[in-house]
Amino acid sequence: MFDGFKVLFVEDDPPVRTSLVQTLELSGIDVQAFGTAEQLLPQLSAGMPAIVITDVRLPGMDGLTLLERIKALDPEMPVVVVTAHGDVSMAVRAMRAGAYDFIEKPFSPERFVETATRALE
């Protein structure tokens with residue numbers, strides 16, 4: 001579907017990570033999953049054909065700090081922020097930092113795929 005493009009997905013909860021990776025793969029999207037922001041960072045390079053989807057609450061570096069690090073590396077890379085613990089101020093902070101979108105859990109698999117697809121386009 002998006003040849004050469006990949007979703008880099010950061011989620012520390014293994015069952016959630018597995019489920020959402022399968023959801024993306026069943027939709028024809030190439031995805032690589034990581035349990036922490038620190039595992040993802042060495043895989044990133046400016047200009048790579050990818051989007052990042054990250055949970056906010058992660059062990060070590062949180063998702064909002066990861067967003068800031070990604071935007072410093074590549075301001076054009078879309079980053080979608082996902083959280084079950086969001087509020088308006090967190091969403092505003094994420095959007096001001098350059099997030100492509102902000103999704104609150106729980107969400108439908110269709111919404112997750114739709115957001116990823118829009119970001120990949």
Side-chain angles (χ1 to χ4, degrees):
M1 176 183 260
F2 295 99
D3 289 339
F5 284 85
K6 181 180 284 194
V7 171
L8 305 172
F9 179 50
V10 186
E11 169 62 61
D12 63 318
D13 185 334
V16 172
R17 185 172 59 240
T18 299
S19 172
L20 292 174
V21 164
Q22 290 173 346
T23 298
L24 291 171
E25 289 175 341
L26 288 170
S27 297
I29 297 172
D30 187 18
V31 59
Q32 185 175 0
F34 303 88
T36 68
E38 291 83 358
Q39 291 171 340
L40 168 67
L41 283 172
Q43 308 301 316
L44 293 176
S45 62
M48 71 185 298
I51 69 163
V52 174
I53 301 176
T54 183
D55 194 10
V56 170
R57 288 197 176 175
L58 298 169
M61 181 186 303
D62 69 32
L64 295 177
T65 303
L66 175 60
L67 166 64
E68 292 166 1
R69 295 274 301 269
I70 292 167
K71 289 302 179 175
L73 173 70
D74 184 348
E76 301 302 315
M77 185 175 290
V79 179
V80 176
V81 177
V82 178
T83 187
H85 309 282
D87 56 26
V88 173
S89 66
M90 182 184 291
V92 169
R93 178 178 167 206
M95 298 309 280
R96 283 186 179 159
Y100 175 81
D101 205 345
F102 185 90
I103 305 175
E104 285 191 84
K105 295 177 185 175
F107 49 79
S108 70
E110 295 81 14
R111 172 136 191 253
F112 187 69
V113 170
E114 174 194 319
T115 302
T117 301
R118 278 188 294 113
L120 284 166
E121 290 172 346

Q: Quick one: do Arg69 and Leu44 satisfy side chain to side chain contact (heavy atoms under 4.5 Å, CB included)? Show the steps, please.
A: CA-CA 10 Å; Arg69 295 274 301 269; Leu44 293 176; over 6 Å; no
(Q) Looking at every heavy atom in both Ala37 and Val10, which two are closest together, and how far apart are they? (A) N-CG1, 3.8 Å
Q) In Å and rounded to the nearest 0.5 Å, what is the CG to CG distance from Leu8 to Leu40? A) 5.5 Å
Q: Report whether Val79 and Val7 are members of the same hydrophobic cluster (ILVMFWY, side-chain heavy atoms less than 4.5 Å apart, transitive linking).
A: no
Q. What distance do Glu110 atom CD and Thr117 atom OG1 have between them, rounded to the nearest 0.5 Å?
A. 11.5 Å
Q: Of all the heavy-atom pairs spanning Val21 and Ala33, show the shortest one and how long it is.
A: CG2-CB, 3.6 Å
Q: Can you measure from CE (Met90) to CE (Met95) and round to the nearest 0.5 angstrom?
A: 14.0 Å
Q) So, does Thr36 use its side chain to make a donor-acceptor pair with the main chain of Gln39 at under 3.5 Å? A) yes
**Q.** Verify same cluster id: Val52, Val81 (apolar side-chain graph, 4.5 Å)
**A.** yes
Q.
Listing request: all ring pair (Phe, Tyr, Trp, His ring centres under 6.0 Å) pairs with a residue in residues 70-121, at least two apart in sequence or in separate chains.
A. Phe9-Phe112, Phe107-Phe112
Q. Side chains of Arg111 and Ile103: closer than 4.5 Å at any heavy-atom pair?
A. yes
Q | Salt-bridge present (Lys105, Asp55; N to O < 4.0 Å) | A | yes
**Q.** Smallest separation among heavy atoms of Pro78 and Ala119, with atom names
**A.** CG-O, 3.7 Å
**Q.** Gly35 versus Leu58, closest heavy-atom pair with distance
**A.** O-CD2, 4.3 Å
Q. Are Val16 and Val56 connected in a single hydrophobic cluster, I mean Ile/Leu/Val/Met/Phe/Trp/Tyr linked by side-chain heavy atoms less than 4.5 Å apart?
A. no
Q. Is there side-chain contact between Val82 and Leu20, with heavy atoms separated by less than 4.5 Å?
A. no
**Q.** Spacing of CG belonging to Leu67 relative to CE belonging to Met77, to within rounding of 0.5 Å
**A.** 12.0 Å
Q.
On a heavy-atom basis, which atom in Gly47 and which in Asp74 lie closest, and how many Å separate them?
A. N-OD2, 2.7 Å
Q: Kindly compute the distance separating CZ (Arg96) from CG (Leu64), expressed to the nearest 0.5 Å.
A: 13.5 Å
Q) Under the 3.5 angstrom rule, does the side chain of Glu38 hit a backbone N or O of Met61 as a donor-acceptor pair? A) yes
(Q) If the threshold is 4.0 Å, N to carboxylate O, is there a salt bridge linking Arg93 and Glu68? (A) yes
Q.
Would you compute the distance between atom NZ of Lys6 and atom CG of Leu120 and round it to the nearest 0.5 angstrom?
A. 12.0 Å
(Q) Taking atom CZ as the centre, does Arg17 end up with more than 12 heavy-atom neighbours from other residues, nucleotides or ligands that are less than 6.0 angstrom away? (A) yes
Q. Are any non-hydrogen side-chain atoms of Leu66 and Leu41 less than 4.5 angstrom apart?
A. yes
Q: State yes or no: do Val80 and Leu24 share one hydrophobic cluster built from I, L, V, M, F, W and Y residues joined by side-chain heavy-atom distances below 4.5 Å, directly or via other members?
A: yes
